[in-house]
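The shown structure was predicted, so the numbers you read here are calculated from the model rather than taken from an experiment.
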Amino acid sequence: MYELLFRTVLRRLDPERAHHLAVAVIRAIPALGLTGLVRRFTRPDPALAVEALGLRFESPFGMAAGFDKDARSIRGLWALGFGHVEIGTVTAIPQEGNPRPRLFRLVDDRAVINRMGFNNGGAAAATERVARERRRSSRAIIGANIGKSRVVAVEDAVADYRESARLLAPVADYLAVNVSSPNTPGLRGLQDEALLRPLLAAVLAESGATPVLVKIAPDLDDDAIDAVCALAVELGLAGIIATNTTIGREGLVSDPALVEAAGAGGLSGAPLRDRALAVLRRVRAAVPSGFCVIAVGGIDTADDAAERLAAGATLVQGYTAFLYRGPLWARQVTRGLAARATRGTARA
C-alpha cells in the first residue's frame with residue numbers, strides 16, 4: 001500500500017514538503033489518542049531489549065538524527081516502533097538552515113541528498129519539549145544531537161556547543177556531538193584532534209551523568225578514525241556514532257544529470273551501506289568491548305541491521321529508508337530481528 005502511495009503521489013511532491021506531511025501524520029498519532037493502539041501493533045519483541053549507556057532500550061533500532069529536528073515527533077515515532085529517537089541536530093541559536101531547495105531524492109538509489117543546514121528552533125525550545133516527554137512513564141529513549149550554530153565562528157564553537165549541552169543534558173538520555181555534517185561551513189574540521197579535544201571536554205563538563213557520544217563522518221580515513229576513537233576513550237566518552245552522511249557520489253545508478261542538479265550536500269541511504277559498515281568495523285576494533293557504538297548509514301532491512309549488530313554495533317539507527325519504506329518500517333525491522341533471533345535460538 002505505501003509503495004503504491006509513494007510511487008503515485010509522494011515521489012511527485014517536493015521532498016521537504018512530503019517530509020512535513022509525514023511529520024504531521026506522525027504527530028497526529030498521540031494528538032488523537034492513538035499511541036496505545038498503534039503501539040500494540042508495533043511494539044518490539046521483549047527479547048530485543050538492549051542494555052546500553054546505562055539505559056534499557058526496548059530494541060536496538062532507533063530513529064537517527066535529522067528526522068525530528070525540533071523534538072516534536074518523539075511520541076509518534078515511539079508509537080511506530082522505534083526504540084529510541086535522536087532529536088536534532090539542535091543548535092544553541094535558532095536558525096532557518098540553508099536556502100531551499102535543500103532536500104533531493106535519488107529514487108533509483110534509494111538515497112537522499114540533503115543540505116538542510118541544521119534548521120531548528122534552538123536548544124532552549126527543544127529542551128522544553130524533551131522535558132515534557134521525559135515525564136511520561138512509557139516513552140522512547142531520547143538522544144539529543146547537538147551541532148554548531150551557523151553564525152558562530154569555528155574558533156568560538158566550544159562555547160556554542162557547551163551552551164546546547166548545558167540546556168539539553170539535564171533532560172536528554174544521551175548527548176550526541178555532531179562534528180561531521182557537511183552542510184555547516186567549517187564543521188567537519190572540528191574532527192581534527194586539536195579542535196575536537198577541547199570541544200568534547202567542554203561538553204563533558206556540562207553533561208553531568210548524561211552519556212556523551214561523538215558522531216563521525218564516513219569520509220574520514222583510517223588514521224583519522226583511529227585518532228577520534230582514541231580521544232573518545234581517553235576523555236571518557238560513552239560511545240561513537242558511525243556514521244553521518246557522505247560527500248562522496250561513487251557507485252550511484254541515478255542519472256548523473258539528476259545527481260549534478262542536486263548539487264552539494266550529504267548523501268544518505270543505500271549507497272552509504274558499505275562504507276558505513278567498514279567504518280563501524282574500524283571503530284569497533286579501536287575501542288574497548290564495552291564501549292557503545294551506534295551504527296547508522298544505509299540501513300534498510302532487518303538483514304542490514306543484523307549485519308551491523310554482528311559487526312559489533314551496540315545499537316543501530318536509520319532514517320532515509322523510512323522515506324521509501326513508510327510508517328511500518330520500524331516494525332518490519334524489529335520483527336525481522338526477532339525472527340532471526342528465534343531461528344538462532346532454535347538452531348542452538
Partners of [X] by ring pair (Phe, Tyr, Trp, His ring centres under 6.0 Å), sequence neighbours excluded?
X      : answer
Phe104 : none
Phe67  : His19, Tyr319, Phe322
Phe6   : Tyr324
Tyr161 : none

* **Donor + acceptor pair across side chains of Glu96, Asn119 (<3.5 Å)** =>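 There is no such pair between these side chains.
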
* **Partners passing side chain to side chain contact (heavy atoms under 4.5 Å, CB included) against Asp173 (at least two apart in sequence or in another chain)** =>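 For Asp173, the residues satisfying side chain to side chain contact (heavy atoms under 4.5 Å, CB included) (neighbours in sequence not counted) are Leu55, Arg134, Arg139, Ile141, Ile142.
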
* Go through the structure and list residues passing side chain to side chain contact (heavy atoms under 4.5 Å, CB included) with Thr91, not counting sequence neighbours. =>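 Scan of Thr91 (side chain to side chain contact (heavy atoms under 4.5 Å, CB included), adjacent residues dropped) gives Gln95, Phe118, Asn120, Ser149.
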
Under the side-chain hydrogen bond (donor to acceptor under 3.5 Å, both in side chains) rule, collect the residues that match up with [X], sequence neighbours excluded.
X      : result
Ser180 : Asn178, Asn244
Glu193 : Arg197
Arg132 : none
Thr314 : none

Side-chain donor-acceptor pairs of residues 32-39 under 3.5 Å, sequence neighbours excluded:
from	atom 1	to	atom 2	distance (Å)
Arg39	NH1	Trp78	O	3.2
Arg39	NH2	Glu58	OE1	3.2
Arg39	NH2	Glu58	OE2	2.8

* To do: Any salt bridge (Lys or Arg N to Asp or Glu O under 4.0 Å) involving residues 276-301? Give me the pairs, sequence neighbours left out, ordered by first then second residue.
  =>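 Sorted pair list: Arg110-Asp300, Asp222-Arg282, Asp226-Arg282, Asp300-Arg325.
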
